[in-house]
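Everything on this sheet refers to the single structure shown next.
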Amino acid sequence: MSKNPLRPYPATITEVRDESVGIKTFKVVLDDEEMMKDFNQEPGQCAQLSIMGVGEAMISITSPRTRSEYLEFSIAAVGKLTDVIHELEEGDKIALRGPLGSSFPYQKMQGKDLVFIAGGIGLAPLRSLINFVFDNREDYGHVDIIYGARSPKHLCFKEELFETWPSIDDVDLYLTVDGTDEDDNWDGRTGYVPDYLKDVDPDPEGRITVTCGPPIMIKFVLEALQDMGFEDEQIITTLELNMKCGIGKCGRCNIGNKYICLDGPVFDLTEIKELPIDKEL
Amino acid sequence: MSKETELVRNKAKELLEDGDVELVVGYEEGTYPSRTTPLFADTLEKAERLIWNPFCVNSLPKLLSKGHFEDKLAVFVKGCDSRTVIRLLQDNQLDRDEVIVLGIPCNGNVDLDKIKDKVDITTIIEVEVTNNGVNVKTEGSTEELSREEALYDKCLDCRFPNPVIADEVIGNEVSELPKNKNKDDEVASLANKSVAEKNEFWEAHFERCLRCYACRNACSACTCRDCLFDRDERSTWLAKGKTLSDNEAFHITRAFHVAGRCVDCGECERVCPVGIPVQKLNRKISLDMDNLFGIGEIATSEDDIDNPPPLGTFLTEDPEEFM
Amino acid sequence: MSTKAIDKNKLSELLNSLLFKQTLIAPVEAEEDILLFKNVESADQVVLDYQNTITPVKDWFFSQTEELFEFKNKITELEINDLPATDGEYILFGARPCDLKSVELLDLVFDEDGEFSDSFYKEKRDRTTIIGLSCSEPGAYCFCNSLDGLSPTATCNADIMLTEMDGDYLVEVLTDKGEKLVSDNSSYFSDKYSEEDKETRTEEIVSNMKLTVDVDDIEAIMQKEDVYLSDYWQELSLKCLGCAVCTYICPTCHCYDIRDYSRGNAGIRYRCWDSCMFNDFTEAAGDHNPRPTRRERVRQRFMHKLRFFDERYGDTGCVGCGRCLEKCPVNLDITRVISDVKELA
Ligand code: SF4
Ligand code: SF4
Ligand code: SF4
Ligand code: SF4
Ligand code: SF4
Ligand code: FES
């Protein structure tokens, strides 16, 4: 019998980090060493994480292939399954299948300047690409990272934001928060990501942009980028829908002739514009 | 064009023209003249497509209970459908001031599945239902069938052929219909069987259930916006999978949920694609409720609107704390 | 490949003899007028003159509920095991042309050779020999003949195809699997008919079709933005009950859900049919729903059948079996939708 495509494999959680408010990052290692070695995810791809008896969810892998001894997932507690995952500790078991879905076109991006634009937990999918780019630094040009969250406490990946990434050559980081609390001690910018993007005003020439975040942010970022003169092929983003099978068969994530789980989550704006979507959505 | 069709069209056009309503809900011809489909007529042009004949079987009021309609509308109802109107009013699913109920007395509806071996249903032109029988006129011939041979079982002992609520009645009132059958006897004889026999009977049926939920979605009693069967991801006792035990759990639960709210319209049984006699179960519970608590037929007159069924009612002064 | 004949009484002998070695799945009358494909124990149970079963043959290859694997789990221990694979050999007897065609379409979804080929579906496909049965009397709602490459006698992907003649069946042997079955049981078959006999018979049967619809250009028409955004879908959706009759009994619908049964520290993950007509099908966390009302859901079904499926797999997603229009509680009729949409464009 051929391989059961819906069967996940046992894995062990080797580290749990509090990432930000309601978000934790889990370091996960597949129990089968061979399988772990051959996992080979591309930046932007996802995996299905499951807790037996509870369910399964498609989660973006936030660690790059270049760090192949483990997989990392940053997960917000938003439902039954993710609530249970948040209870897990180092040494606990989880099940996993993948890699699934499309990846960022990192080959097409070689030699280009890059702008990463993210909001909240939307930095998680981009992080795999950002670290992949930094692990192959000479292949890519200048990197701008524009990132915002609801408040300083809501920023993810703080160590990378404030220490690792700024120390890398030819990188500019632009951080912003929607608002602050008194105890936040924030002397950075306050405001929304799309506005910051307009202020940074990157030149479309030789640049590719990658955006991920809450739908409303994506909407305004896409508008801003088009106003700045970026062509649709230079604008890359991810789509998110309710998913089950993750392999383009169960029909749940169908939009037009695409299955978001299989053909996505990564799309460029040309592809998105071809999808039949009600204007108001 | 039949006389009833003419009356229905004229009434609809009049209401639309006078601006009394924005929408008239009736039937139009479906795949064949003998197969009808609901029509939402909001223009005079569409009103010209309205029809009325013994194939107008759907209960239309249920289609209005979704809260989708903001404008004033009119709906055509048969006797059984009119009880659904009361039922929906009891649950605040309809706004009495926003709906004009147009009642049409009914002699019984023809069940295409029953007659399809006797006549070519694709060629039926006209059907006449009387107390004595059913005349089916096709392109080639006229077939005379008995009521038992041609009508839905539910029509064979219909007690409410005339609308129990209506702002206007179109057509002549029907005097009492013949009792061709007593459904309650069938229910009683099933109830009198041994536990093992009953089990066998229901298992054979429930095993086939597809869990398509057509019975629930067509039901006059089911008005919950957020039904527990849609929430089974959160429930641990009823799985979405189709197994005999989950199918049984579904049916038993639903039977209890419609207890005291079922108006015996038979829609659940009619819409079931795999022929499960769902209504037998619901009827049994209605009869038990009558025996135990003296709750007779519900939703039989306008008085019942403000007098909802006991099991569908919650009073803060109820002695039972739990409920 | 070759054309043969089998007598009517020999057919049930053949089925009974096949039953010894293989599992036979065939149309049976579960209840008056309720025809379903089931495992049969004797050829007497098999109904030959039925118009169409209520549930399609997809239920055999893609069961309504299918167990995917079993697990044992504690917080720090986890074991996941495939369930024992089936090792039987099966004969699916009596599939009508529309259902045969639907299996061709489901093959495109489940059985591709890609990385994610559906092992459950593929296993049953590989182990099943399909004996198709032409329709002698198309039903009132059948419109297969309106679709490309389909007719009440089309062989599609059957291994063997039977067409009722006067007193016997014309037998078309179409694949190696079919050839094997026929040569293993050669005493039941005789040489009598030719391809021309089949053509004559087909013409006769087709002339009895009641329902037709013109599907020309429907994909291109459905691709128009005006059609996608038309008020028509809203209007159509008013009468829809949002049940799953149309999709569960559709031979080409393949949507499913994945759920767990678990008791204590062990359980099973299974999948079961699901439907784009249910309101919670696409509902995501936080009550966000890309298809929030019946308008989007009704549109999705027809768009998927008549456009998206074709765009992705190169064939229309409807095989004209007529089940959905017959069984839909409100007779929401795909043939009517097709002609209405053509008017819109
Ligand atoms: S309509 Fe019939 S098949 Fe569908 S859920 Fe109800 S009883 Fe089951
Ligand atoms: S069967 Fe009919 S009523 Fe039910 S969901 Fe389908 S179209 Fe709607
Ligand atoms: S859409 Fe309807 S007619 Fe077409 S294949 Fe499905 S059930 Fe049959
Ligand atoms: S999306 Fe709807 S119409 Fe298409 S296969 Fe799935 S259930 Fe059927
Ligand atoms: S649609 Fe065609 S193939 Fe299918 S049952 Fe009807 S006549 Fe036969
Ligand atoms: S999640 Fe099943 S098709 Fe995409």
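Throughout, protein chains are lettered first and strands after them, A, B, ... in sequence-line order, and every chain is numbered starting at 1.
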Which region of [X], side chain (C-beta onward) or backbone (N, CA, C, O), has a non-hydrogen atom less than 4.5 Å from a non-hydrogen atom of chain B, or is it both or neither?
X: C:C243; answer: both
X: C:D260; answer: neither
X: C:T55; answer: side chain
X: C:C246; answer: neither
X: C:L325; answer: both
X: C:L35; answer: neither

Does any N or O in the side chain of [X] come within less than 3.5 Å of the main-chain N or O of [Y], such that one atom is a donor and the other an acceptor?
X: C:Q64; Y: B:L210; value: yes
X: B:N217; Y: C:L241; value: yes
X: B:T37; Y: C:V330; value: yes
X: B:R270; Y: C:P329; value: yes

Item to check | Test side-chain contact (heavy atoms from CB on, under 4.5 Å) applied to C:K327 and B:V271, step by step | outcome: CA-CA 7 Å; C:K327 292 294 176 190; B:V271 302; over 6 Å; no
Item to check | Beyond-backbone contact of C:D274 with B:K240, side-chain heavy atoms, under 4.5 angstrom | outcome: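 A side-chain contact exists here, since the closest heavy-atom pair is under 4.5 Å.
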Checklist entry - What's the shortest heavy-atom distance between B:R35 and C:E326, and which atoms? => result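 Result for this residue pair: NH1-O, 2.8 Å.
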Checklist entry - For the atom pair CH2 (C:W273) and SG (B:C212), what is the distance rounded to the nearest 0.5 Å? => result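 Going from the CH2 atom of C:W273 to the SG atom of B:C212 covers 10.5 Å.
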Checklist entry - Rounded to the nearest 0.5 Å, how far does CG of B:D113 lie from CD1 of C:I34? => result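 Going from the CD1 atom of C:I34 to the CG atom of B:D113 covers 8.0 Å.
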Name the region of [X], side chain, backbone, both or neither, that has any atom closer than 4.5 Å to a heavy atom of chain C.
X: B:T31; answer: both
X: B:T123; answer: neither
X: B:L60; answer: neither
X: B:K114; answer: neither
X: B:I121; answer: side chain
X: B:E207; answer: side chain
X: B:D120; answer: side chain

Does [X], at its [atom1] atom, have more than 12 non-hydrogen atoms belonging to other residues, nucleotides or ligands within less than 6.0 Å?
X: B:K118; atom1: NZ; result: yes
X: B:E148; atom1: CD; result: yes
X: C:K210; atom1: NZ; result: yes
X: C:I75; atom1: CD1; result: no
X: B:E200; atom1: CD; result: no

Checklist entry - Do C:E66 and B:K242 sit within salt-bridge range, that is, some charged N less than 4.0 Å from a carboxylate O? => result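 Here C:E66 does not pair with B:K242 in a salt bridge, since their nearest N and O are not under 4.0 Å apart.
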Checklist entry - Hey, mind stepping through C:I249 and B:V274 against side-chain contact (heavy atoms from CB on, under 4.5 Å) and telling me if it holds? => result CA-CA 10 Å; C:I249 64 176; B:V274 291; over 6 Å; no
Item to check | Most contacts with chain B, counted as non-hydrogen pairs under 4.5 angstrom, among C:N279, C:T65, C:N331 | outcome: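 Most heavy-atom pairs under 4.5 Å with chain B: C:N331.
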Checklist entry - Do you know which of C:R323, C:E32, C:R336 has the most heavy-atom pairs under 4.5 Å to chain B? => result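 Maximum pair count with chain B is reached by C:R336.
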Item to check | Working for side-chain contact (heavy atoms from CB on, under 4.5 Å), residues C:E235 and B:F40 | outcome: CA-CA 8 Å; C:E235 207 181 297; B:F40 292 75; 5.8 Å; no
Checklist entry - Cut-off 3.5 Å, side chains only: do B:D246 and C:Y261 have a donor facing an acceptor? => result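 Yes, C:Y261 and B:D246 have a side-chain donor paired with an acceptor closer than 3.5 Å.
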Item to check | Evaluation steps, side-chain hydrogen bond (donor to acceptor under 3.5 Å, both in side chains), between C:D333 and B:Y32 | outcome: CA-CA 11 Å; C:D333 178 343; B:Y32 294 108; over 6 Å; no
